[in-house]
Novice: 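Provided herewith is a single structure, encoded as structure tokens, for subsequent inquiry.
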Amino acid sequence: KVNGLSSWLILAGAVAKFSLIEELLLLTTEDRGGEFDRVPEAFLVCGIAGGALIDLSLRNKLDSDLSGVWTIDSSPTGDAVLDGVLAEIAAESARLDPRAWIVRLSGKAMAMRDAAIRALCDRGVLRKEGTRYLWTATSAAHQTKKRIFDLLFSDDIPSPEDVALIAMADACFVFERILAPRELAKVKYRIQQLCRLDLIGAQIALAAQQLNLEFRAAEHKTVLAGLA
């Protein structure tokens with residue numbers, strides 16, 4: 001019997017080297033390292049919260065439908081950030097939908113971000129130099145951006161993890177910030193195509209994107225009001 005996860009989640013296979021949150025952060029880092037400041041905090045928090053939900057789904061820890069998210073395996077993943085989210089969902093008696101969970105987790109998202117950055121530094125992926133984060137000499141983390149760009153500019157079949165990463169990056173408007181306008185125009189349809197490959201991931205990403213669109217609209221109104 002197939003549960004609420006779509007077929008490619010069942011075929012996910014081995015756990016990725018990096019968590020989805022870690023890869024989202026790596027995707028937003030300059031090629032030579034630098035501040036994690038390309039994506040406004042208001043947008044990033046939804047991506048981190050949504051990314052945790054999708055990552056736990058990929059690890060067969062969560063199941064979901066259009067109206068709720070719930071645990072199917074509450075045993076630890078070994079990732080401190082994800083395990084905190086998993087424990088919170090397991091302890092919740094109500095069945096909350098993806099939007100409600102993203103809103104609830106958003107208050108902890110920046111702490112989750114900081115923990116993910118510390119984990120990347122502890123594992124030797126990044127090193128901190130002042131306020132900058134630089135690739136280490138042996139780090140393969142820069143391959144995250146290359147791998148995603150190669151998928152966007154080709155017809156290659158993505159892995160489940162890469163579909164999830166692209167969906168969350170799109171929800172946070174990451175591609176608007178790391179691609180030139182002409183490049184973005186070339187891959188816009190491809191991004192939409194890839195984001196539609198997963199039903200559950202798409203619902204979580206859509207919830208994050210809707211929240212971010214609301215933030216953007218509110219920000220725009222504030223700017224206009226200031227100019228009036």
Novice: Using atom types as modelled and distance alone, determine if a side-chain donor or acceptor of K145 lies under 3.5 Å from a backbone N or O of T29.
Specialist: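 Yes; at least one donor-acceptor contact below 3.5 Å.
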Novice: Run the side chain to side chain donor-acceptor pair (under 3.5 Å) test against D150 and tell me which residues pass, sequence neighbours left out.
Specialist: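 Scan of D150 (side chain to side chain donor-acceptor pair (under 3.5 Å), adjacent residues dropped) gives K146.
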Novice: Using the test side chain to side chain donor-acceptor pair (under 3.5 Å), find all partners of S75 that sit at least two apart in sequence or belong to another chain.
Specialist: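 Only K61, D73 meet the side chain to side chain donor-acceptor pair (under 3.5 Å) criterion with S75.
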Novice: Check residues 78-93 and write down every donor-acceptor pair under 3.5 Å in which the side-chain atom is one partner and the other belongs to a residue at least two apart or another chain.
Specialist:
residue : atom : partner : partner atom : Å
D79     : OD1  : V81     : N            : 3.0
D79     : OD1  : L82     : N            : 3.0
D83     : OD1  : T77     : N            : 2.6
D83     : OD1  : T77     : OG1          : 2.8
D83     : OD2  : T77     : N            : 3.4
D83     : OD2  : G78     : N            : 3.1
E88     : OE1  : K108    : NZ           : 2.5
E88     : OE2  : R104    : NE           : 2.8
E88     : OE2  : R104    : NH2          : 3.4
E88     : OE2  : K108    : NZ           : 3.4
E92     : OE1  : R104    : NH1          : 2.6
E92     : OE1  : R104    : NH2          : 3.4
E92     : OE2  : A94     : N            : 2.9

Novice: If the threshold is 4.0 Å, N to carboxylate O, is there a salt bridge linking R147 and E23?
Specialist: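 Salt bridge flag = yes for E23 with R147.
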Novice: Is atom CD of E176 surrounded by more than 12 heavy atoms (other residues, nucleotides or ligands) closer than 6.0 Å?
Specialist: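 Counting neighbours around CD of E176, more than 12 heavy atoms of other residues, nucleotides or ligands fall under 6.0 Å, so yes.
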Novice: Answer yes or no: is there a side-chain heavy-atom contact under 4.5 Å between I21 and D55?
Specialist: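 I21 does not reach D55 side chain to side chain.
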Novice: Taking salt bridge (Lys or Arg N to Asp or Glu O under 4.0 Å) as the definition, give me every residue that meets it alongside R99, ordered by chain and number, with sequence neighbours left out.
Specialist: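 Applying salt bridge (Lys or Arg N to Asp or Glu O under 4.0 Å) to R99 gives E214.
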Novice: Quick check for you: to the nearest 0.5 Å, what is the distance between C46 atom SG and L211 atom CG?
Specialist: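 Nearest 0.5 Å value for the SG-CG distance: 4.5 Å.
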Novice: Mind checking the CZ-CD1 spacing from R196 to I191? Nearest 0.5 Å is all I need.
Specialist: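 That separation rounds to 12.0 Å.
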Novice: Roughly how far, to the nearest 0.5 Å, is CD1 of I102 from CD1 of I48?
Specialist: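 These two atoms lie 12.0 Å from each other.
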Novice: Is the shortest side-chain heavy-atom distance between D63 and S57 below 4.5 Å?
Specialist: no
Novice: Side chains of L56 and V69: closer than 4.5 Å at any heavy-atom pair?
Specialist: no
Novice: Please find the pair of heavy atoms, one from S106 and one from A49, that lie closest to each other, and give the distance.
Specialist: N-CB, 4.3 Å
Novice: Any side-chain heavy atom of E22 within less than 4.5 Å of one from R113?
Specialist: no
Novice: Taking atom SG of C195 and atom CD of Q209, what is their separation to the nearest 0.5 Å?
Specialist: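 Going from SG on C195 over to CD on Q209, the span is 7.5 Å.
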Novice: Measure the shortest side-chain to side-chain distance between L151 and F149 over non-hydrogen atoms and say whether it is less than 4.5 angstrom.
Specialist: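 With C-beta onward as the side chain, the pair stays apart.
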Novice: According to a hydrophobic-cluster definition based on side-chain heavy atoms being under 4.5 Å apart (Ile, Leu, Val, Met, Phe, Trp, Tyr only), do L25 and V45 belong together?
Specialist: no
Novice: Looking only at non-hydrogen atoms, find the nearest pair between L27 and A169 and report the distance.
Specialist: CD2-CB, 3.8 Å
Novice: Measure the CG-CG distance between L184 and L152 for me, rounded to the nearest 0.5 Å.
Specialist: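 Going from the CG atom of L184 to the CG atom of L152 covers 9.5 Å.
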Novice: Where do R95 and G68 come nearest, in terms of heavy atoms and distance?
Specialist: CG-CA, 3.5 Å
Novice: Return the minimal non-hydrogen interatomic distance between L53 and P98, and the atom names on each side.
Specialist: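 Heavy atoms only, the tightest pair is CD1-O, 4.2 Å.
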Novice: Counting C-beta onward and ignoring hydrogens, is there a side-chain heavy-atom pair between F18 and V125 closer than 4.5 Å?
Specialist: yes
Novice: Using the rule that Ile, Leu, Val, Met, Phe, Trp and Tyr join whenever any side-chain heavy atoms are under 4.5 Å apart, tell me whether L24 and M110 fall into a single cluster.
Specialist: no
Novice: Would you check if I54 and M168 make a side-chain contact, meaning some heavy-atom pair closer than 4.5 Å?
Specialist: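 When only atoms from C-beta onward are counted, M168 and I54 do touch, with a gap below 4.5 Å.
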Novice: Measure the shortest side-chain to side-chain distance between L194 and D170 over non-hydrogen atoms and say whether it is less than 4.5 angstrom.
Specialist: no
Novice: Give me each pair satisfying side chain to side chain donor-acceptor pair (under 3.5 Å) with a member in residues 181-192, each pair once, sequence neighbours excluded.
Specialist: R190-Q193
Novice: Rounded at 0.5 Å granularity, tell me how far CH2 in W101 sits from CG in L96.
Specialist: 5.5 Å
Novice: Work out which heavy atom in P160 is nearest to a heavy atom in L58; give both atom names and the distance.
Specialist: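 The pair with the smallest heavy-atom distance is CB-CD2, 3.8 Å.
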Novice: What are the two closest non-hydrogen atoms of V163 and P158, and how far apart are they?
Specialist: CG2-CG, 3.4 Å
Novice: Does a salt bridge link R118 with D122, judged by any charged N lying under 4.0 Å from a carboxylate O?
Specialist: no
Novice: Does anything in residues 163-188 pair up under ring pair (Phe, Tyr, Trp, His ring centres under 6.0 Å), and if so which pairs, sequence neighbours excluded?
Specialist: F43-F173
